[in-house]
Protein chains: 2
Amino acid sequence: MARRAAKTSPSPSDLDARKATILEAVVAEHIDTAQPVGSSSVAHSADVDVSPATVRSEMVALEREGYLAQPHTSAGRVPTDKGYRYFVDHLKSGVLSSAQQYQVRDFFANVRGEVEDVLEKTSTLLSELTSYTSVVVSAGHSHASILSVQLVSLEARHQLLVTVFSDGSVVKHSVNTTFDANFVDVSEASRQLNALLIGTTLEHRVQVPSRSDGVATLVRESVSVLHAEQPTTDGEQVFIGGSSKVAEVFVGVETVRKVLSILEQELLVVTLVQDILNRGLSVAIGSEHGYEPLSACAVIVAPVTIDGASAGAVGLLGPTRMKYREALAAAGMVSQHLARHFGGEDDLA
Amino acid sequence: MARRAAKTSPSPSDLDARKATILEAVVAEHIDTAQPVGSSSVAHSADVDVSPATVRSEMVALEREGYLAQPHTSAGRVPTDKGYRYFVDHLKSGVLSSAQQYQVRDFFANVRGEVEDVLEKTSTLLSELTSYTSVVVSAGHSHASILSVQLVSLEARHQLLVTVFSDGSVVKHSVNTTFDANFVDVSEASRQLNALLIGTTLEHRVQVPSRSDGVATLVRESVSVLHAEQPTTDGEQVFIGGSSKVAEVFVGVETVRKVLSILEQELLVVTLVQDILNRGLSVAIGSEHGYEPLSACAVIVAPVTIDGASAGAVGLLGPTRMKYREALAAAGMVSQHLARHFGGEDDLA
DNA sequence: CGTTGGCACTCGGTAGAATTGACTGCTAAC
DNA sequence: GTTAGCAGTCAATTCTACCGAGTGCCAACG
């Protein structure tokens, strides 16, 4: 009995060779044509050498097991999310065309400017490579240490706190006071803040002066405003490239609108990408990522790792019938080049 | 003869009262229904009390003069860009619903955070108010003076130049050297840069040391990298809100794609907005702004003026058949609140 | 017993014809 | 100059018939 069970369904999510081949043929063709695929075109495809009738009977099995679906009785089959999942799990990794490889290498050889500019442009590159919408997320600076803080006076009661982190990011915060601060106090507060904060990260709590004079108040206010940043965002930045591809790639205004409106919410996008990474996935298909408005989408992510630490991620967002092999290859190559660009080679730029 | 000419066409772009009423009725109804409007519905509309037949003969005149067009022989009339132009030029300015007014006031009473955050949120607000895509452009800092510059060492050959401007903006620039810079040199360079640049604007040219030692080189490099910013952009920032509205408001994937791909190019958007402002317009309809991909769009802009100086602009982008009165009112109200928010009341926040 | 060819059936998509109805332009009368 | 009436136009809609891709089932075959 155990054997029989093992035979009919060898393992919950493993298929016998012929079913696998057929499933892969269906998925591949549907990705190509966007049409439901019928038994005969599968039977005539390269790796399959059985008759359409046999393919049909396998297809009803695949449908029963949830890999395929039929839009209507007399139509071909369409992959379900589960079908796509099987497909990408058994995908042998591909490689970009040499023209595309050249484009990436050329880009990273010539790109210059501040980190943000580079990431922005990278996002555009990735989108142009794949013709899907791309997302580049840079890691927050919660683990970066503070290199410098400076308090600059804009108006008597309005100071600007400028903080430089070891990862090269710079953030500013407004510090408002209820009293007029004079120039000397601001400089002194700036000096004390430096002494207090340099070398710490945002996670360190520091001892602030409890006196009630102007300088101490400025210092207290500054530290609190700086440390208040934590909860909302970690300082991640998101760069979205090729949002117009959404209109090319999805059919139906409503889908386009839904996807665009998700992309507008940057916090959501960051969360989505990190969610997928945390689950150890590189692709989330349809309902897998749990965002209903994105149920028509697949999301590909590739972490960017510098010196063993996570420095961010790049992602691609396309229809579930996206060209996984090419897209995975593009995301992978770009993430590696990004890592190299901001890793050792940085001083070559 | 002169009199006769004056009678048939009183003035190149002025219409007699009845034609004007009819044109306005056509535009208003078409904005409402998105359908070609026929003579009878115009004749039955409030301000018109002539028969459909009369309306028809006026309509052929309006069509001959370029205010209306006919999609096909047996259809109603649709306004041309020129027709819309007449409509907005003769629009008595409207006012927002009290619910919307409340929403704006409430927003500005409660919003807090850095300038960028406020502008970003303002952009979302404006888009939600109107259900069109909104654009908020903040002026560049070419006229702002430098309050502070600081050189921070990231690596031996990689310094970060952080500049604070009197308008509260902070920019960073990488400064790379071909030699290892030590801490003392960097501090000294920082000190000299402060002495050199504080109080100047980016338009000032300053005298840099010509010596070839480390400090002088750092100073020269820093100044050059800072002044190099000018040509590309002026430091303007663009915040685009509600890009998903594009999919709601335009029909046809191709139009949606074109508009989105324009919105992706921020530089283009800034130029567009400034172009319109420079021409003294507040609305650019269809072909008026000269961007072919936006020929289906109308763009509304309202300058934000603080203490008599231009501090940026807010804009709305919708279809040519947009609700001009409401949109103009919204843009106007938001721009005024923005000016007030960052003007005198700033220290109340 | 798995595989295959054959066959009847289903059902979405398309093409054409007929119909509808919302317009117009024109004209003749007011 | 304005209006009612009328004939004409043309997109949109509906209906019908039909086609064909594709299925499920079954009987025959190795």
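Every chain is numbered from 1, with letters handed out A, B, ... down the list of sequences. The structure displayed is predicted, hence computed values, not measured ones.
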Participant: Give the rounded distance in Å between these two atoms: CG of A:Leu68 and C1' of D:dG24.
Facilitator: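 Nearest whole value for this atom pair: 16 Å.
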Participant: Roughly, in whole Å, what's the span from NE2 in A:His72 to P in C:dC11?
Facilitator: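 Value for this atom pair: 10 Å.
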Participant: Parallel under 30°, tilted from 30 to 60°, perpendicular over 60°: which one fits the rings of B:His289 and B:Tyr291?
Facilitator: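 Aromatic pair B:His289/B:Tyr291 classed tilted.
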Participant: In this structure, which one of A:His30, A:Arg321, A:Arg85 forms a side chain to side chain contact (heavy atoms under 4.5 Å, CB included) with A:Pro79?
Facilitator: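 When A:His30, A:Arg321, A:Arg85 are each tested with A:Pro79, the side chain to side chain contact (heavy atoms under 4.5 Å, CB included) holds only for A:His30.
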Participant: Starting at atom CZ of B:Arg77, determine the distance to atom C1' of D:dT9, rounded to an integer number of angstrom.
Facilitator: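 Spelled out: CZ on B:Arg77 to C1' on D:dT9 is 13 Å.
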Participant: Rounded to the Å, how far apart are B:Gln70 CD and D:dG8 C1'?
Facilitator: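 Those two atoms, CD and C1', are 13 Å apart.
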Participant: Among the nucleotides C:dG5, C:dA22, C:dT10, which one has an atom lying closest to any side-chain atom of A:Ala53?
Facilitator: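 Nearest to the side-chain atoms of A:Ala53, counting from C-beta on, is C:dG5.
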Participant: Rounding to an integer number of Å, can you tell me how far B:Leu62 CG sits from C:dG25 P?
Facilitator: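 Answer to the nearest Å: 12 Å.
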Participant: Can you identify which nucleotide, out of C:dT24, C:dT4, D:dT23, has its nearest atom closest to the A:Met59 side chain?
Facilitator: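 Comparing C:dT24, C:dT4, D:dT23 against the side chain of A:Met59, the answer is D:dT23.
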Participant: Could you state the CZ-C1' distance from B:Arg18 to D:dT3, rounded to the nearest angstrom?
Facilitator: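 To the nearest whole Å, that distance equals 11 Å.
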Participant: Out of A:Lys19, A:Arg64, A:Arg77, which residue meets the salt bridge (Lys or Arg N to Asp or Glu O under 4.0 Å) rule with A:Glu58?
Facilitator: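 Testing A:Glu58 for a salt bridge (Lys or Arg N to Asp or Glu O under 4.0 Å) against A:Lys19, A:Arg64, A:Arg77 leaves exactly one candidate, A:Lys19.
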Participant: Is the Lys NZ or Arg CZ of B:Lys82 less than 6.0 Å from the centre of B:Tyr67's six-membered ring, within 45° of the axis?
Facilitator: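 Because its charged atom sits under 6.0 Å from the ring centre and within 45° of the axis, B:Lys82 does stack over B:Tyr67.
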Participant: Let me know the distance between NZ of B:Lys19 and C1' of D:dT2, rounded to the nearest Å.
Facilitator: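 Whole-Å distance recorded here is 14 Å.
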Participant: Taking the side chain of A:Ser40 as heavy atoms from C-beta outward, which of D:dC6, D:dG22, D:dT23 is closest to it?
Facilitator: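 Out of D:dC6, D:dG22, D:dT23, the nucleotide with an atom closest to A:Ser40's side chain is D:dG22.
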Participant: Ignoring hydrogens and angles, are the base of D:dC10 and the side chain of B:Ser74 linked by a donor-acceptor pair under 3.5 Å?
Facilitator: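 Pair found.
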Participant: Check whether any side-chain N or O of A:Ser39 sits under 4.0 Å from OP1 or OP2 of D:dT23, and answer yes or no.
Facilitator: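 For D:dT23, OP1 or OP2 has a side-chain N or O of A:Ser39 closer than 4.0 Å.
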Participant: Just compare C:dT10, C:dC7, C:dG25 and give me whichever is closest to any side-chain atom of A:Thr73.
Facilitator: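 The answer is C:dT10.
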Participant: Go through D:dA11, C:dG25, C:dG6 for me and flag the one nearest to the B:Arg56 side chain.
Facilitator: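 Minimum distance to the B:Arg56 side chain belongs to C:dG25.
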Participant: State which of C:dT4, D:dC6, D:dT3 makes the closest approach to the side chain of B:Ser51.
Facilitator: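 Nearest to the side chain of B:Ser51 among the choices is D:dT3.
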Participant: Between the side chains of B:Thr54 and B:Ser51, does any donor sit under 3.5 Å from an acceptor?
Facilitator: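 Distance-only check passes for B:Thr54 and B:Ser51.
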Participant: Between C:dA22 atom P and B:His30 atom NE2, what is the distance in whole Å?
Facilitator: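 So the NE2-P distance, B:His30 to C:dA22, works out to 18 Å.
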